[in-house]
There are 2 protein chains.
Amino acid sequence: MSGSDHGTHGSVAVQSGRAADTVIAELEQQIVTGALENNAPLPAERNLMEQFNASRTVIREAIATLSSRGLIESKPRYRPIVRKPDYVTALTAVGGIVRHLLSEHGGVKNLYDSRVFIERALVREAALSAQKDDIGLLRQALAENESAISDSDAFYATDTAFHGVLYRIPKNPIFPAIHEGYKSWLAPHWEKMLRSPERNLVNFKSHEAIFTAIVERDPDAAEEALVNHLKAAWEYVRVTFDTDQL
Amino acid sequence: MSGSDHGTHGSVAVQSGRAADTVIAELEQQIVTGALENNAPLPAERNLMEQFNASRTVIREAIATLSSRGLIESKPRYRPIVRKPDYVTALTAVGGIVRHLLSEHGGVKNLYDSRVFIERALVREAALSAQKDDIGLLRQALAENESAISDSDAFYATDTAFHGVLYRIPKNPIFPAIHEGYKSWLAPHWEKMLRSPERNLVNFKSHEAIFTAIVERDPDAAEEALVNHLKAAWEYVRVTFDTDQL
DNA sequence: TCTCGCTTTTTGGTATGACCAAACTTATAA
DNA sequence: TTATAAGTTTGGTCATACCAAAAAGCGAGA
């Protein structure tokens with residue numbers, strides 16, 4: 001309707017400021033409600049401009065924003081993909097900023113400390129109220145960790161997997177998401193670390209101690225074992241290759 | 001310069017995909033390094049297009065993206081403001097997504113549980129290693145909380161302030177940021193709750209109990225007091241106005 | 001001299017229309 | 001049936017134009 005309204009926006013921008021905001025809000029809605037199917041490609045821009053009666057400029061801006069919010073995933077020349085948000089998405093959306101923060105003084109240390117803090121509470125919680133199947137998963141993760149002692153790459157994977165089980169014990173999706181965050185943000189600083197079967201063994205022993213304490217329902221022991229484990233790892237990393245300004 | 005290269009982009013997009021990405025990266029750099037002064041307005045779009053030898057489209061897209069990443073704060077018709085990122089910024093950047101997640105089944109409950117989880121660990125930590133000045137701040141916050149019992153609005157403020165002190169004890173900027181997150185995400189569900197001097201008194205008593213336990217260096221007691229406090233509050237909110245699908 | 005209100009001048013928000021190159025489709029030849 | 005070539009979207013950009021609200025000047029009055 002009306003092909004001649006120029007700056008005088010059409011029917012979309014009913015209220016204030018940016019028309020893009022309207023489009024953003026609308027698309028956001030359609031995504032979360034499922035009107036736009038998850039993992040499906042977004043309609044073509046030229047379609048959207050018709051649907052929203054807006055210019056490509058506006059549509060494009062909306063897409064860019066939604067993309068950086070993690071609600072849609074857009075590779076350079078491809079059709080954007082709809083991504084229904086979850087806690088992991090939320091975390092990765094801040095990835096960029098966090099990475100900057102980490103590069104500042106004490107950034108990595110702060111993040112690592114927070115991890116220690118969380119996991120301390122996690123193991124206490126585990127010791128206090130882990131279910132049978134939680135223990136089972138823990139035992140299994142521990143076993144896999146042990147059998148990978150000689151293979152440093154595999155060990156790293158089983159190591160994080162073991163810790164991952166801890167994050168899943170509270171049955172709260174927020175924690176696994178946090179774990180993902182730690183993995184992706186801290187990993188770069190870990191991967192550079194020289195691994196060896198000797199150190200792997202040490203770490204495995206730590207895991208074992210944590211596990212034992214949990215099984216014995218001893219939160220204090222579990223916490224202590226966890227702290228020793230993570231503090232030692234930190235010291236090792238710190239001494240290994242970074243001066244002290246992590 | 002060359003005023004006649006059309007689709008054949010100029011000198012910016014040296015490599016792949018989107019020219020906007022280049023601009024984004026560059027501006028991001030300038031922001032974190034301080035080349036673009038913090039809290040100062042961003043250069044005008046028309047300047048940026050000159051500086052980056054890019055079209056307005058691309059500049060605009062970059063700005064939109066940086067904005068939703070929290071590196072720039074842009075009100076509708078005003079000049080965007082440069083915001084050097086901090087942990088709070090990072091958190092608020094995910095605010096939108098989180099709000100969606102909260103509206104889903106159990107969303108609020110999960111977030112609240114995570115808060116309880118964190119604060120349990122926080123009070124333990126406080127009981128274990130709060131410094132004299134930490135205790136001082138706590139005492140002060142408690143006093144202000146007490147003197148606001150009769151004024152529900154003020155009480156709410158002093159309440160969160162008291163908890164805020166807890167988040168600051170570990171001297172890790174990540175925790176205060178998390179607290180900000182909880183405040184802004186959980187607040188909407190709290191503000192609707194009917195407050196009364198009676199309930200305020202109850203809550204104050206809880207704070208007092210927590211404080212006492214911390215002063216007495218009794219982490220278990222502190223944790224217990226905290227749990228009772230928060231669980232009670234949750235129950236109250238839950239019973240008050242929401243069925244049970246928070 | 002300082003302030004308030006009125007012009008200009010900027011500057012953000014949008015709309016159009018074009019064009020290119022890479023994706024995607026479809027028709028065609030092997 | 002499959003490999004391939006031709007044709008058609010569709011995302012990425014640029015250039016230009018216009019509007020309205022901000023911001024910056026400015027000049028009269030306190």
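Bear in mind the structure is a predicted one, so any value in this text is a computation, not a measurement. Chain letters run A, B, ... following the sequence lines, proteins first and then strands; every chain starts at 1.
- The closest side-chain heavy-atom distance from B/V108 to B/L186 is below 4.5 Å.
- Side-chain atoms of A/R18 and base atoms of C/dG13 include no donor and acceptor less than 3.5 Å apart.
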> Under a cut-off of 3.5 Å for both distances of each Watson-Crick or G-U pair, what dot-bracket string does DNA chain C give, using [ ] for crossing pairs and | for inter-strand pairs?
Replying inline: ||||||||||||||||||||||||||||||
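- Atom CD1 of A/I59 and atom C1' of C/dG13 are 14 Å apart (whole Å).
- The closest side-chain heavy-atom distance from B/D159 to B/N145 is below 4.5 Å.
- Remark: B/D134 engages B/K171 in a salt bridge, criterion side-chain N to carboxylate O under 4.0 Å.
- Taking atom OH on B/Y78 and atom C1' on C/dT11, their separation rounds to 13 Å, with Å as the unit.
- For the segment residues 41-49 of chain A, residues with any heavy atom less than 4.0 angstrom from an atom of DNA chain D are, sorted by number, A/A44, A/E45, A/R46.
- Expressed to the nearest 0.5 Å, how far CG of A/L122 lies from CZ of A/R168 amounts to 11.0 Å.
- Look at NZ on B/K75: it is 12 Å from C1' on D/dA21, rounded to the nearest Å.
- Here D/dG11 presents its C1' atom at 12 Å from CD1 of A/I72, a figure rounded to the nearest Å.
- Put simply, the side chain of A/R56 and the base of C/dG17 share no donor and acceptor less than 3.5 Å apart.
- Residue-to-nucleotide contacts include no donor-acceptor pair under 3.5 Å from the side chain of A/R77 to the base of D/dG12.
- Rounded to a whole Å, the CZ atom of B/R60 is 15 Å from the C1' atom of D/dC14.
- Note: CD1 (B/I81) to C1' (D/dA22) measures 13 Å, nearest angstrom.
- Remark on DNA chain C: of its neighbouring residues A/S55 and B/R79, the 5'-side contact belongs to B/R79, judged by nearest-heavy-atom nucleotide.
- A cation-pi arrangement is absent between B/K109 and B/Y112 under the rule of less than 6.0 angstrom and at most 45 degrees off the ring axis.
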> When you look at A/K84 and A/L71, which way does the side chain to side chain contact (heavy atoms under 4.5 Å, CB included) test go after all the steps?
Replying inline: CA-CA 6 Å; A/K84 200 163 184 177; A/L71 288 175; over 6 Å; no
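- Salt bridge absent: A/E50 and A/R46 never bring a charged side-chain N and a carboxylate O closer than 4.0 Å.
- Using a 30° and 60° split on the angle between ring planes, B/Y167 and B/H179 fall in the parallel class, below 30°.
- By the salt bridge (charged side-chain N to carboxylate O under 4.0 Å, His left out) test, A/R60 pairs with A/E45, B/E61, sequence neighbours left out.
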